[in-house]
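Reading through the structure tokens given below for one structure.
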Amino acid sequence: MYFQNLPQQIWLVVMALVCGLAFWRGRRPEWIVAGACILAWALTPLAQNSRNWFDPQWGVFAVDLALLAVLVWLTLTTDRTWLLFASAFQLLAVIIHLAILVDHSVNPMPYRQALVIWSYLVIAALGVGSWLEGCRARAD
């Protein structure tokens with residue numbers, strides 16, 4: 001799947017820790033986002049065209065768009081401020097996909113690196129939101 005090199009292994013550890021925190025300290029919105037992030041992680045290697053990174057990654061784009069839809073839906077239906085940040089970061093990932101769809105001269109390496117950066121920021125927002133939700137629940 002997605003364990004071949006050190007950056008992928010680091011991502012797996014970070015995502016597992018943050019999603020574990022979300023399931024432990026969070027509530028329903030955090031659980032949904034953690035589940036959606038895990039699902040997106042699992043579907044991404046199945047959806048990508050690994051033969052040619054110079055071509056638009058339609059499958060990965062669809063996975064990222066679906067994750068954005070979940071984040072925006074939760075942003076509009078819950079009171080979690082951290083979801084605004086997670087949605088914005090995921091929107092930037094979708095925009096990166098659109099950039100390579102519009103301009104085929106976009107180099108695939110910065111394209112991939114940008115997607116990684118925005119993914120880490122989505123997970124960071126989930127981590128902060130889960131932690132704050134846990135603190136808020138204890139205070140109540």
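- By the rule that hydrophobic residues join a cluster once side-chain heavy atoms approach within less than 4.5 Å of another member, V128 and V122 end up as members of separate clusters.
- Atoms CH2 and SG, on W41 and C19 in that order, are 10.5 Å from each other to the nearest 0.5 Å.
- Scanning all heavy atoms of the two residues, the minimum distance from A22 to A34 falls at CB-CB, 3.8 Å.
- Linking Ile, Leu, Val, Met, Phe, Trp and Tyr whenever their side-chain heavy atoms come within less than 4.5 Å puts L126 and L121 in one cluster.
- Between P29 and L74, the shortest heavy-atom contact is O-CD1, 3.9 Å.
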For residues 131-139, please give each side-chain donor-acceptor pair under 3.5 Å, one per line with the distance, not counting sequence neighbours.
residue, atom, partner, partner atom, Å
E133, OE1, R80, NE, 3.4
E133, OE1, R136, NE, 3.4
E133, OE1, R136, NH2, 3.2

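- Within the model, atoms CG of L43 and CD1 of I38 stand 12.0 Å from one another, a figure rounded to the nearest 0.5 Å.
- Residues G127 and L21 approach most closely at O-CD2, 3.6 Å, considering heavy atoms.
- Atom-to-atom distance recorded for I100:CD1 and F61:CZ is 12.0 Å, nearest 0.5 angstrom.
- Hydrophobic clustering, with ILVMFWY side chains joined whenever heavy atoms are under 4.5 angstrom apart, groups W73 together with V33.
- Going from atom OG of S130 over to atom CH2 of W24 covers 11.0 Å, rounded to the nearest 0.5 Å.
- For residues 86-100, there are no salt bridge (charged side-chain N to carboxylate O under 4.0 Å, His left out) pairs, not counting sequence neighbours.
- V116 and L12 end up in the same hydrophobic cluster when Ile, Leu, Val, Met, Phe, Trp and Tyr side chains are linked at under 4.5 Å.
- Nearest heavy-atom pair across V70 and A36 is CG1-CB, 4.1 Å.
- Within the model, atoms CG of L115 and CD of Q57 stand 9.0 Å from one another, a figure rounded to the nearest 0.5 Å.
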Taking it one step at a time, do F23 and E30 satisfy side chain to side chain contact (heavy atoms under 4.5 Å, CB included)? CA-CA 7 Å; F23 287 122; E30 290 79 20; over 6 Å; no
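- Applying the salt bridge (charged side-chain N to carboxylate O under 4.0 Å, His left out) test to pairs two or more places apart or on separate chains, none has a residue in residues 12-23.
- When hydrophobic clusters are built by joining Ile, Leu, Val, Met, Phe, Trp and Tyr residues whose side-chain heavy atoms come closer than 4.5 Å, directly or via intermediates, I117 is grouped together with V14.
- For W118, there are no side chain to side chain donor-acceptor pair (under 3.5 Å) partners, not counting sequence neighbours.
- Here L76 pairs with V72 under the side chain to side chain contact (heavy atoms under 4.5 Å, CB included) rule; sequence neighbours left out.
- Annotation: the span from M15 atom CE to I10 atom CD1 amounts to 14.0 Å, rounded to 0.5 Å.
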Show me the donor-acceptor pairs within less than 3.5 Å that the side chains of residues 84-95 make with the rest of the protein, sequence neighbours left out.
residue, atom, partner, partner atom, Å
S87, OG, L71, O, 3.3
S87, OG, T75, OG1, 2.8
S87, OG, L83, O, 2.9
Q90, NE2, D64, O, 3.1

